[in-house]
Amino acid sequence: MKYTSEQVLSMSWQEWNETMAKELNEAGFLGPGFNHEKRRFDHHIAPYKADGPVEDFILGKVTACKEITHLKNIGLLNNGRCPMCGGKITGTPRQFTSGFNPNTNFHICKSCCSGGRRASINPANKSGCMLALLLLPFNLIKAVFEMIG
């Protein structure tokens, strides 16, 4: 089934996630689950479920490029709704692109894009690391003089 923007926006965030899970399962995709043979959680082992926090469905359970592409093709993604916050995308949509796979991308709203820029997981963005980077030239010069003398 091909979904319209009106259909997607009329669903609650939970209903939207449940619809995505249903469509992925019907298309034969498998999500994360417990692998009893390996005795650990694994990808592509169990049917998709929209349980847990609604904000964790996309990029929490659905992470593979093929699944994201399928959801875009049937109109459940890139159709006027932000999968990060569940809100309506107004104006020009922004693009989320996975750092692990640049082909895994979808539209997000302006506020989620701005929020992502503020929330960095790069430890060099922390002030303690910046101080260490500023002191690095001093330590290098000191080490050179210690080697010479």
Side-chain angles (χ1 to χ4, degrees), residues 1-140:
M1 175 178 180
K2 185 81 171 171
Y3 293 86
T4 66
S5 181
E6 292 79 25
Q7 289 172 311
V8 169
L9 291 171
S10 69
M11 299 177 199
S12 71
W13 198 358
Q14 181 65 35
E15 290 171 331
W16 185 37
N17 287 343
E18 290 169 357
T19 302
M20 287 189 277
K22 178 184 81 69
E23 291 290 346
L24 289 171
N25 292 333
E26 287 177 3
F29 292 106
L30 293 172
F34 189 76
N35 186 330
H36 293 283
E37 292 175 13
K38 296 180 182 178
R39 289 189 251 171
R40 65 182 172 112
F41 279 92
D42 211 347
H43 296 285
H44 313 295
I45 192 104
Y48 278 99
K49 295 180 188 172
D51 54 356
V54 290
E55 62 272 8
D56 291 344
F57 188 71
I58 297 292
L59 296 182
K61 293 187 179 191
V62 180
T63 58
C65 183
K66 290 179 183 177
E67 284 88 336
I68 296 289
T69 301
H70 176 70
L71 292 172
K72 289 191 295 189
N73 288 340
I74 63 172
L76 285 169
L77 284 178
N78 289 2
N79 204 356
R81 189 166 195 174
C82 178
M84 302 296 214
C85 69
K88 181 178 180 179
I89 298 175
T90 56
T92 305
R94 304 308 196 259
Q95 179 99 346
F96 170 85
T97 302
S98 170
F100 298 108
N101 183 348
N103 294 321
T104 303
N105 57 66
F106 48 84
H107 294 166
I108 60 174
C109 68
K110 182 180 177 182
S111 63
C112 286
C113 182
S114 298
R117 289 187 186 134
R118 287 190 299 270
S120 175
I121 59 171
N122 184 351
N125 289 341
K126 307 293 185 228
S127 61
C129 292
M130 289 303 280
L131 180 62
L133 288 174
L134 291 173
L135 295 176
L136 182 64
F138 172 75
N139 288 331
L140 288 174

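For clarity, every value in this text was computed on a predicted model and none was experimentally measured.
Side-chain contact check for Ile58 versus Met20: some heavy-atom pair is nearer than 4.5 Å. Proximity of Thr63 to Thr104: side-chain heavy atoms (C-beta onward) are nowhere separated by under 4.5 Å. In this structure, His44 and Asp42 have side chains that are not in contact, with every pair of non-hydrogen atoms separated by 4.5 Å or more. Between Phe29 and Glu23, the closest side-chain pair of non-hydrogen atoms is not below 4.5 Å. Put simply, the side chain of Asn78 does not reach to within 4.5 Å of the side chain of Pro93, judged on heavy atoms. Considering only heavy atoms from C-beta on, Gln95 comes within 4.5 Å of His107 through its side chain. No side-chain heavy atom of Asn79 sits under 4.5 Å from any side-chain heavy atom of Phe106. Leu76 has its side chain within reach of Val8: a pair of non-hydrogen atoms, C-beta onward, lies under 4.5 Å apart.
The main-chain N or O of Asp51 is found under 3.5 Å from a side-chain atom of Lys61 such that the two form a donor-acceptor pair. A donor-acceptor pair is defined here as one N or O able to donate and one able to accept, closer than 3.5 Å; no such pair exists between the side chain of Lys22 and the backbone of Tyr48. In this structure, Glu55 contributes its side chain and Gly86 its backbone to no donor-acceptor pair below 3.5 Å. Between the side chain of Arg94 and the backbone N or O of Thr92, at least one donor-acceptor pair lies under 3.5 Å. The closest donor-acceptor contact from the side chain of Lys72 to the backbone of Asn105 lies under 3.5 Å. A side-chain donor-acceptor contact under 3.5 Å links Arg81 to the backbone of Met11.
Across Ile89 and Cys82, no two heavy atoms sit closer than the pair CG1-N, 3.6 Å. Contact detail for Gly80 and Leu9: the closest heavy-atom pair is O-CD2, 3.5 Å. Here the shortest heavy-atom pairing between Cys65 and Asn101 reads CB-ND2, 3.7 Å.
For Glu26, the CD atom sits in a packed shell: over 12 heavy atoms of surrounding residues, nucleotides or ligands are nearer than 6.0 Å.
A distance of 14.5 Å separates CG in Leu71 from NZ in Lys66, rounded to the nearest 0.5 Å. Expressed to the nearest 0.5 Å, how far CD1 of Ile68 lies from CG of Asn73 amounts to 11.5 Å. Taken from CG in Leu30 to CG in Asn25, the straight-line distance is 7.5 Å, to the nearest 0.5 Å. A distance of 11.0 Å separates OG of Ser10 from OH of Tyr3, quoted to the nearest 0.5 Å. Interatomic distance, CD1 of Ile74 versus NE2 of His70, reported as 4.0 Å (0.5 Å rounding).
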**Request:** Report the C-alpha separation of Phe34 and Ile45 in whole Å, then their side-chain angles, then the decisive distance to 0.1 Å, and conclude whether the side chain to side chain contact (heavy atoms under 4.5 Å, CB included) test is met.
**Result:** CA-CA 7 Å; Phe34 189 76; Ile45 192 104; over 6 Å; no

